[in-house]
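So the structure is just underneath, and the comments pick up after that.
Numbered from 1 within each chain, the chains take letters A, B, ... in sequence-line order. Worth saying up front: this structure is predicted, and the values here are computed from it rather than measured.
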Protein chains: 2
Amino acid sequence: MNFDDKVPIYYQIKTVIYDRIIAGELAPGEKLPAVRQLAVSLTVNVNTVQRALREMIEEGVVTSQRGRGNFVTTDTNVIETLRQDLITRNLKQLYERLHRLNIDDQEIINELVTYIERRARQNESNGKN
Amino acid sequence: MNFDDKVPIYYQIKTVIYDRIIAGELAPGEKLPAVRQLAVSLTVNVNTVQRALREMIEEGVVTSQRGRGNFVTTDTNVIETLRQDLITRNLKQLYERLHRLNIDDQEIINELVTYIERRARQNESNGKN
DNA sequence: TATAGTGTAATAGGAAGCTAATACACTAGG
DNA sequence: CCTAGTGTATTAGCTTCCTATTACACTATA
């Protein structure tokens, strides 16, 4: 994987797994890949994967069954809460950062719209070739 | 200061100083606070401040004059580039994250607008009391 | 020219994160 | 019962970040 060297790897692993759960790619109750398998596919040590799992288990998003595997919680409320928190946290992060740069509310929205439009155009022209 | 324990402190210091430069609170050519002063006000070691400054100097945003102080570059192009990069980087970060959560373009914009509106309402009701 | 204010460098020590390696505990299935 | 697949724990060693401390280099000015 492509890790940001400014953030602990175990934390980034937690992030990508949470993202997959929230996106529905890992359904409630579904079995996660085995820790050793995850370690290989992420090119990372088993202990690092375990560190990420430990926190996900503590937070009730994953349940662990020794000898069987790790499973996504079946409690959809937990997942929905996670989803909302994550969205809000990311919006807040963008908002406060741009605000510190003296960019006001309307400008922040404009910047995002422009960014998305530019991106759409670029995808389009890439698709043509 | 209030540091995020997931990101190196020196990197966060760089961030806040860049933000102040971009926001215009630190004008081109202006003298930065002395390293020892910064260390005290950030409750951090001088070497940590120096580490942040070293990178800002390497990137041409700050110039250093031994015995005199550190100064914001007078090259406004550098600052403008910094500003644009920073905005784009943050928009990209939000966009790609929400996209990974299966939220499409229009929804991303809606989420941001809603967030800003909610925030405005809360500020208003706080102001009343 | 002395002194206060500034940047810079270097050392030592501690904490956190990561890797590597090994071992142990439990489950499912032949 | 044995074995393969799984989670968990422990130890040792390395690197990065941070702190504390001391020292040195340069500038401005009284």
Side-chain angles (χ1 to χ4, degrees), chain A residues 1-18 20-21 26-75, chain B residues 1-18 20-21 26-75:
Chain A
M1 249 212 51
N2 230 2
F3 293 114
D4 177 352
D5 68 358
K6 294 291 187 301
V7 181
I9 293 175
Y10 81 87
Y11 195 79
Q12 297 180 65
I13 292 175
K14 200 175 138 184
T15 296
V16 301
I17 294 180
Y18 274 1
R20 295 191 60 201
I21 292 175
L26 289 169
E30 186 171 346
K31 184 174 178 296
L32 296 181
V35 284
R36 289 174 183 78
Q37 173 56 38
L38 277 173
V40 169
S41 64
L42 297 168
T43 333
V44 127
N45 191 274
V46 179
N47 296 314
T48 307
V49 173
Q50 191 62 33
R51 171 71 190 271
L53 283 168
R54 204 176 68 209
E55 294 197 0
M56 295 191 278
I57 292 165
E58 279 169 3
E59 294 171 15
V61 181
V62 168
T63 61
S64 173
Q65 297 183 36
R66 201 187 187 95
R68 295 195 59 228
N70 293 298
F71 301 83
V72 178
T73 180
T74 54
D75 185 340
Chain B
M1 249 211 52
N2 230 2
F3 293 114
D4 176 353
D5 68 358
K6 295 288 187 301
V7 181
I9 293 175
Y10 80 87
Y11 195 79
Q12 297 182 63
I13 292 175
K14 200 174 138 185
T15 296
V16 301
I17 294 180
Y18 274 0
R20 295 192 59 202
I21 292 174
L26 289 169
E30 186 171 346
K31 183 174 177 299
L32 296 181
V35 284
R36 289 175 182 78
Q37 174 55 39
L38 277 172
V40 169
S41 64
L42 297 168
T43 332
V44 125
N45 191 273
V46 179
N47 296 313
T48 308
V49 173
Q50 191 62 33
R51 170 72 191 270
L53 283 167
R54 203 176 70 208
E55 293 197 0
M56 296 191 277
I57 293 165
E58 279 169 4
E59 294 172 14
V61 181
V62 168
T63 60
S64 173
Q65 297 183 33
R66 201 189 187 95
R68 295 195 61 227
N70 292 298
F71 301 83
V72 178
T73 180
T74 54
D75 185 340

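Between its opening and closing five pairs, the helix from dT1(C)-dA30(D) to dG30(C)-dC1(D) changes axis direction by 0°, a value rounded to 10 degrees.
Residues passing the side-chain contact (heavy atoms from CB on, under 4.5 Å) test with V16(A), sequence neighbours excluded: M1(A), R100(B). Looking at residues two or more places apart in sequence or on another chain, you find a side-chain contact (heavy atoms from CB on, under 4.5 Å) between D4(A) and K6(A), V7(A), Q12(A). For S64(A), the side chain to side chain donor-acceptor pair (under 3.5 Å) partners at least two apart in sequence or on another chain are N70(A). Contacts of R68(B) classified as side-chain contact (heavy atoms from CB on, under 4.5 Å), with partners at least two apart in sequence or in another chain: Q65(B), F71(B). With sequence neighbours excluded, no residue satisfies side chain to side chain donor-acceptor pair (under 3.5 Å) with R66(B).
The side-chain heavy atoms of V61(A) and V72(A), taken from C-beta on, include no pair separated by under 4.5 Å.
For the segment residues 35-42 of chain B, the set of residues with a heavy atom within less than 4.0 Å of an atom of DNA chain C comprises V35(B), R36(B), in numerical order. Within residues 45-73 of chain A, the residues having any heavy atom closer than 4.0 Å to DNA chain C are, in order of number, N45(A), N47(A), T48(A), R51(A), R66(A), G67(A), R68(A). Near DNA chain D, meaning a heavy atom under 4.0 Å from it, residues 2-12 of chain B has P8(B), I9(B), Y10(B) in order of number.
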Would V62(A) and T73(A) count as a side chain to side chain contact (heavy atoms under 4.5 Å, CB included) here? Give the steps.
CA-CA 5 Å; V62(A) 168; T73(A) 180; over 6 Å; no
Validation: residues 48-58 of chain A side-chain donor-acceptor distances under 3.5 Å, sequence neighbours left out:
{"unit_1": "R51(A)", "atom_1": "NH2", "unit_2": "Y10(A)", "atom_2": "OH", "d": "3.2"}
{"unit_1": "E55(A)", "atom_1": "OE1", "unit_2": "K14(A)", "atom_2": "NZ", "d": "2.8"}

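Across all non-hydrogen atoms, the minimal contact from L42(A) to F3(A) is O-CE1, 3.8 Å.
Where DNA chain D meets chain B (any atom under 4.0 Å from a heavy atom), the bounding nucleotides read 5' to 3' are dC17(D) to dA28(D).
Among residue pairs with one or both ends in residues 28-46 of chain A, those qualifying as side chain to side chain donor-acceptor pair (under 3.5 Å) are N45(A)-N47(A); sequence neighbours excluded.
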